[in-house]
Amino acid sequence: MSSSTKTVKAVSLIIMASLIGRMLGFLREVVLAEKFGTGIEIEAYIISLGIPTVLFAGIGTAISTTFIPIFSEYLSKRNKEEAYDFANNMINFLAIFSMVISIIGIIGAPLIVQILSPPLKARGDIYILTIRLTQIMFPILIFTGVTYIASGMLQSLNRYTITALISIPYNLVVIIYLWVLNPYFGILGLSVATFVGWVLQFGIQIPFLYKERYRYKFVLDFKNEGVRKVFVLVIPVILGTTVQQINTLVDRALGAGLGGKAIPALNYANRLAFLSALLFVYGITTVIYPRLSSLSAQKNMAEFKKHITSAVNVIIFIIFPLTLGLILLRVPIIRIVFERGEFTKDDTLLTSIALLYYAIGLAGLGIREILDRAFYSLQDTRTPMINGIFIVIVNVILDIVLVRYMGLGGLALATSISFIMGVLILLYLLRQKIGPLQGRKMLIAFFKVTCATVVMGIIVSFAQNFLPLGIENVVSMNYVINCMVLIFIGVITYALASIVFQIEEAHFVWNILKEKLLKIKG
């Protein structure tokens with residue numbers, strides 16, 4: 001089997017597995033919107049969940065990023081026993097560290113909430129509720145770090161699919177709670193269900209690790225070579241990978257001063273935009289990162305540049321039409337996904353403003369994921385860290401300026417602009433580090449994809465004139481069908497335009513689709 005065929009198979013499997021998890025994630029958000037709308041209870045829940053998970057998710061990702069190459073090195077140059085010994089050390093260090101942080105977080109919850117969301121203290125009941133929910137959910141930290149270690153082990157052992165499925169138990173637990181138990185236990189019970197879901201994300205991976213003959217042992221060796229390497233590399237990566245999380249926290253802190261509906265609207269728009277984009281980005285980065293690491297170790301810079309260029313071009317090919325589609329159809333999409341129960345037309349309009357401006361930065365978010373992996377493969381964690389700090393600073397400055405003139409939309413736009421600026425700087429710095437990339441090829445792909453996207457946008461905009469999808473129309477089956485027709489028109493138009501403009505990346509995406517169609521037929 002050729003290398004390109006293996007890549008297509010791996011990426012297609014991960015995308016399909018991720019799709020299941022993402023669909024459940026969207027369903028979770030749909031049910032949340034139905035049960036709580038944009039009221040103060042969901043606002044408190046989003047803030048409290050964000051404090052432990054948003055902050056520690058960046059740490060977990062950073063640990064996983066540094067853990068994978070070292071664990072892979074143990075597997076290739078030593079043996080599984082030493083690799084698992086290293087993994088057990090990391091699991092134990094993380095478990096102890098996160099337990100201590102959880103205890104501190106539970107005790108210091110009032111101060112933490114006050115620091116991260118200053119406007120809440122003046123709003124009485126929601127401030128007290130946020131503190132209670134934060135105390136319930138802080139122990140999530142204990143399972144976040146070990147979940148990332150388990151995922152890193154499975155990916156290094158070429159078990160990609162299960163790591164893409166770990167969000168399924170979490171989403172199912174929350175959805176079942178909302179449908180069955182929410183009337184009895186309310187928002188406090190939802191926090192407990194969220195904690196249980198995070199525990200199951202780790203638990204679902206244990207049988208697969210067991211099949212790989214992994215056995216847990218309590219070892220705590222500060223002199224372990226692998227552990228010391230991780231601790232040296234991880235700090236810059238943490239600062240580099242927590243950019244989106246910090247930006248989200250800043251947006252929520254300033255959003256708390258815009259009224260009770262702002263934070264839920266930002267959250268729904270953020271999930272709708274970024275989760276749909278990261279579905280494809282995750283599949284590509286998961287496969288390309290180990291290959292970039294291998295090419296870097298072999299000093300094969302020609303192939304290294306080729307892989308980066310191909311990955312960036314595929315991201316552009318997928319994200320550009322997705323961005324314009326979300327912008328053009330943001331109101332009907334939000335209405336179909338969220339508008340029921342406590343989620344009203346006013347909530348749709350507010351969320352659509354945030355979605356419009358978040359969508360602008362999707363390409364920057366996706367390309368940055370690729371470029372960060374390129375630097376990590378070169379064992380350069382410092383550059384992404386500095387770039388991450390730059391993005392945070394730009395976002396905070398733009399947040400403060402734009403929120404005065406654009407309100408909610410300003411917070412989302414600031415995030416998008418900061419990501420785009422960060423990507424442009426990373427491209428320049430990567431070129432300085434390894435020499436010219438295939439810049440001409442990137443520019444040609446950018447021009448062709450832009451032209452195809454514009455053609456798609458014109459056709460979809462024209463077709464919108466003949467289909468009733470306004471905010472005044474009732475959300476019925478006909479409304480859903482009309483929206484699906486527009487999406488279908490957009491996909492077909494973009495596909496045909498890609499053929500006309502001879503976009504190479506269309507072949508890669510088609511091969512993934514063909515791979516899945518053949519499996520369905522088989």
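Counting begins at 1 with the first residue of the sequence.
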Donor-acceptor under 3.5 Å ([X] side chain, [Y] main chain):
X      : Y      : result
Gln464 : Leu328 : yes
Lys448 : Ser498 : no
Ser418 : Asn395 : no
Gln205 : Ser151 : yes
Asn482 : Asn478 : yes

Provide the closest heavy-atom pair for [X] versus [Y] in the form atom of the first, atom of the second, distance.
X      : Y      : answer
Ala354 : Ala412 : O-CB, 3.5 Å
Tyr479 : Pro468 : CD1-O, 3.8 Å
Pro264 : Ile42  : CG-CG2, 3.7 Å
Phe390 : Ile425 : CE2-CD1, 3.3 Å
Ala273 : Leu355 : CB-CD1, 3.7 Å
Gly422 : Asn387 : O-ND2, 3.0 Å

Quick one: are [X] and [Y] in side-chain contact, heavy atoms under 4.5 Å?
X      : Y      : result
Leu430 : Ile308 : yes
Arg382 : Phe375 : no
Thr493 : Val455 : yes
Leu324 : Val460 : no
Phe304 : Ile434 : yes
Leu371 : Leu429 : no
Lys441 : Glu504 : yes
Glu29  : Asn267 : yes

Going by distance alone, is a donor N or O of one side chain under 3.5 Å from an acceptor N or O of the other, for [X] and [Y]?
X      : Y      : answer
Thr383 : Asp380 : yes
Tyr357 : Thr415 : no
Thr344 : Glu339 : no

Q: Quick one: sort the Phe320 and Phe446 rings into parallel, tilted or perpendicular, breaks at 30° and 60°.
A: perpendicular

Q) What do the steps show when you test Leu398 against Leu411 for side-chain contact (heavy atoms from CB on, under 4.5 Å), and what is the final call? A) CA-CA 8 Å; Leu398 290 175; Leu411 297 178; over 6 Å; no

Drop me the distance from [X]'s [atom1] to [Y]'s [atom2], to the nearest 0.5 angstrom.
X      : Y      : atom1 : atom2 : value
Met421 : Ser416 : CE    : OG    : 13.0 Å
Leu350 : Leu408 : CG    : CG    : 5.0 Å
Leu426 : Ile386 : CG    : CD1   : 10.5 Å
Ile489 : Ile492 : CD1   : CD1   : 10.0 Å
Leu329 : Leu469 : CG    : CG    : 7.5 Å
Ile370 : His307 : CD1   : NE2   : 11.0 Å

Q) Hey, mind stepping through Thr194 and Tyr170 against side-chain hydrogen bond (donor to acceptor under 3.5 Å, both in side chains) and telling me if it holds? A) CA-CA 7 Å; Thr194 301; Tyr170 164 65; 4.7 Å; no

Q: State yes or no: are the ring centers of Tyr494 and Phe317 separated by less than 6.0 Å?
A: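 Yes.
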
Q) Using the benzene-type ring in the case of Trp, are the ring centres of Phe36 and Phe343 under 6.0 Å apart? A)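 Judged by ring-centre distance (under 6.0 Å), Phe36 and Phe343 do not meet the cut-off.
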
Is the count of non-hydrogen atoms from other residues, nucleotides or ligands lying under 6.0 Å from [X] atom [atom1] greater than 12?
X      : atom1 : value
Gln432 : CD    : yes
Lys306 : NZ    : no
Met484 : CE    : no

Q: Output, in order, the C-alpha distance, side-chain angles, deciding distance and verdict of side-chain contact (heavy atoms from CB on, under 4.5 Å) for Leu24 and Ser167.
A: CA-CA 8 Å; Leu24 283 173; Ser167 64; over 6 Å; no

Q) Yes or no on side-chain contact (heavy atoms from CB on, under 4.5 Å) for Arg335 and Lys345, after CA distance, side-chain angles and deciding distance? A) CA-CA 8 Å; Arg335 296 195 73 196; Lys345 290 182 181 180; 3.6 Å; yes

Q: Tell me, with the steps shown, if Arg431 and Lys305 meet side-chain contact (heavy atoms from CB on, under 4.5 Å).
A: CA-CA 10 Å; Arg431 188 180 189 278; Lys305 295 175 185 178; over 6 Å; no

Q: Validate the cation-pi geometry between Arg368 and Phe419: distance from NZ or CZ to the six-membered ring centre under 6.0 Å, angle to the ring axis within 45°.
A: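 Pair Arg368/Phe419 does not count as cation-pi.
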
Q. Of the options Leu272, Ile327, Ile334, which is the one that meets Ser352 in a side chain to side chain contact (heavy atoms under 4.5 Å, CB included)?
A.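 Single side chain to side chain contact (heavy atoms under 4.5 Å, CB included) partner of Ser352 among Leu272, Ile327, Ile334: Ile334.
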
